[in-house]
Structure formats: structure tokens, C-alpha cells
Amino acid sequence: MIILIGLVVACKQQEKQQLDLHDWNPIKVTVTAYNSLPSQTTQNKPNIAAWGDTLKPGMKVVAVSRDLMRKGLTYNTMVRIDTFPDTFIVKDKMHYRHRNKIDLYMGRDKKRALEWGKKKLVIFYATLKDTTNMEQIPDAATN
């Protein structure tokens, strides 16, 4: 019975590795927070991000400084932050003056954003793995 459980766990881990098609790259950045408020974004459409997405409170979104975009944190990149269990998505970009920085989107909750403050954290961003050398997963129809 113990051997059977071990085999099932090992198979599940192998399946997860095969299905995870992303490498997670670490980088240390400054992490701050921002809101959908006219004083922090644009006066006439504070919920519209730089790429045109409409942001809504509760979305797991980050804005990135443009130097990080050149390193691979581009539109719709998945981001994991050291202290959060969630995965965030890059949907916004920051003004050119910012360097090595991301902003967590916190809806309209200015108090929460101020309480977050400014932290230096390790984040991980996803890049697609090179799958040309990976073993092919057998097609169920051919088995």
C-alpha cells in the first residue's frame, strides 16, 4: 500500500513538471502599491491601465517599471511575489522615471496601499520554457 501511494505521488509530481511550461526567474525589486484614483493615474479614466485594460478592485495585477519590461516582464507576464500565495499578471506600466520597481494594484483602497508602503522583495516572473527538447506527452488517442 505504501509503495502504491508513493508511485501515485511520484506520477503526480512528474505530471506537474511536464505541464508546467514556465521557468520562474527571480529578481529583487522595490514593491509599492497603487490605486485607481485620479490623483494616482489619469484624471478622466483612472481604471484604464497603460495597455488599455480596465482594472477592477480585486484583480491580481501589477504595474512594472519600463526597465523591467526589457528584462522580460511584459504585458500579461505572470508574477509571483515573495510574500503572497497568489499569481499576479502584468497589466500596467509605470512612468519612465521609475527603475527596478513594481506596483501592486489595490483597487480604490488607498489606506491599504499606504499601509503596504515600500518594500524590497524577491519576485519571480514566468518565461516560457524551451520545449523543443522536452519529452512529448503521449496522446491519449494513440494509446
Side-chain angles (χ1 to χ4, degrees), residues 2-141:
I2 293 174
I3 294 172
L4 182 61
I5 292 171
L7 286 172
V8 170
V9 170
C11 287
K12 288 290 183 188
Q13 288 174 341
Q14 184 179 13
E15 180 180 300
K16 183 182 180 309
Q17 288 172 348
Q18 287 177 341
L19 295 177
D20 186 5
L21 299 177
H22 295 92
D23 286 320
W24 291 90
N25 307 292
I27 187 170
K28 190 170 189 173
V29 297
T30 300
V31 183
T32 54
Y34 77 113
N35 308 103
S36 306
L37 301 172
S39 62
Q40 295 182 30
T41 58
T42 60
Q43 290 293 326
N44 50 351
K45 294 187 180 182
N47 287 11
I48 305 299
W51 280 293
D53 294 280
T54 300
L55 302 181
K56 296 176 184 163
M59 292 177 75
K60 302 296 182 187
V61 170
V62 296
V64 297
S65 58
R66 292 165 194 252
D67 61 323
L68 294 178
M69 290 168 48
R70 290 187 290 276
K71 293 180 180 182
L73 281 108
T74 56
Y75 180 67
N76 281 337
T77 298
M78 293 184 292
V79 176
R80 292 181 180 161
I81 300 170
D82 193 9
T83 58
F84 288 92
D86 304 315
T87 299
F88 294 79
I89 305 295
V90 175
K91 292 284 186 186
D92 207 352
K93 51 189 166 183
M94 301 167 80
H95 190 276
Y96 291 100
R97 72 178 174 268
H98 297 290
R99 296 281 180 267
N100 201 47
K101 184 176 177 184
I102 69 168
D103 255 351
L104 298 173
Y105 177 65
M106 294 196 175
R108 299 184 60 83
D109 192 345
K110 188 174 181 179
K111 181 181 178 194
R112 184 172 163 227
L114 289 171
E115 287 172 356
W116 171 263
K118 179 178 174 180
K119 303 175 187 327
K120 291 262 189 195
L121 296 173
V122 174
I123 66 167
F124 297 86
Y125 64 97
T127 55
L128 286 177
K129 286 183 181 176
D130 179 6
T131 59
T132 55
N133 294 327
M134 291 179 71
E135 289 182 31
Q136 295 295 320
I137 299 172
D139 185 9

Check: What distance separates Leu68 CG from Ile102 CD1, expressed to the nearest 0.5 Å?
Finding: 8.0 Å
Checklist line | Whether Arg97 side chain and Met94 backbone form a donor-acceptor pair below 3.5 Å | finding: no
Item checked: Worked verdict on Val62 versus Leu73 for side-chain contact (heavy atoms from CB on, under 4.5 Å) -> CA-CA 10 Å; Val62 296; Leu73 281 108; over 6 Å; no
Item checked: NZ (Lys110) with more than 12 external heavy atoms under 6.0 Å -> no
Checklist line | Residue pair His95 / Arg66: nearest heavy atoms and the distance that separates them | finding: C-NE, 4.2 Å
Notebook entry, point to check: Do Asn100 and Ile27 have side chains that get closer than 4.5 Å, going by heavy atoms?
Noted result: yes
Margin query: Using every non-hydrogen atom in the two residues, find where Met59 and Leu55 come nearest and quote the distance to one decimal.
Written below: SD-CA, 3.7 Å
Item checked: Check: Arg108 side chain, Ser36 main-chain N or O, donor-acceptor pair, under 3.5 Å -> yes
Next item on the list: Report yes if the side chains of Ile89 and Thr77 come closer than 4.5 Å at any heavy-atom pair, otherwise no.
Entry: no
Margin query: As a quick check of understanding, evaluate side-chain contact (heavy atoms from CB on, under 4.5 Å) for Phe88 and Ile81, giving each step before the final call.
Written below: CA-CA 8 Å; Phe88 294 79; Ile81 300 170; 3.8 Å; yes
Notebook entry, point to check: Nearest heavy-atom pair of Pro57 and Tyr105: which atoms, and what distance?
Noted result: N-OH, 3.8 Å
Checklist line | Side chain to side chain, Thr87 and Val79, heavy atoms closer than 4.5 Å | finding: no
Next item on the list: Tell me, please, which residues at least two apart from Lys91 pass side-chain hydrogen bond (donor to acceptor under 3.5 Å, both in side chains).
Entry: Asn76
Item checked: Residue pairs, two or more places apart or on separate chains, that pass side chain to side chain donor-acceptor pair (under 3.5 Å) and touch residues 53-65 -> Asp53-Tyr75, Lys60-Asp86, Ser65-Asp67
Next item on the list: Step by step, work out the side-chain contact (heavy atoms from CB on, under 4.5 Å) result for Met78 and His22.
Entry: CA-CA 10 Å; Met78 293 184 292; His22 295 92; 3.4 Å; yes
Check: Looking only at heavy atoms, what is the nearest atom pair of Met106 and Arg112, with distance?
Finding: SD-CG, 3.7 Å
Margin query: Side chains of Leu37 and Pro46, heavy atoms from C-beta outward: is any pair under 4.5 Å?
Written below: no
Note to self: side-chain contact (heavy atoms from CB on, under 4.5 Å), that's the test. Do Leu104 and Val31 meet it? Break it down for me.
What the structure shows: CA-CA 7 Å; Leu104 298 173; Val31 183; 3.8 Å; yes
Next item on the list: Work out which heavy atom in Asp109 is nearest to a heavy atom in Asn35; give both atom names and the distance.
Entry: O-ND2, 3.1 Å
Let me check something: any side-chain donor-acceptor pairs from residues 118-127 under 3.5 Å, sequence neighbours excluded? List them with distances.
from, atom 1, to, atom 2, distance (Å)
Lys119, NZ, Trp116, O, 3.1
Lys120, NZ, Thr30, OG1, 3.3
Tyr125, OH, Lys71, O, 3.0
Thr127, OG1, Asn25, ND2, 3.0

Notebook entry, point to check: If every non-hydrogen atom of Asp103 is compared with every non-hydrogen atom of Tyr34, which pair is closest and at what distance?
Noted result: CB-CD2, 3.3 Å
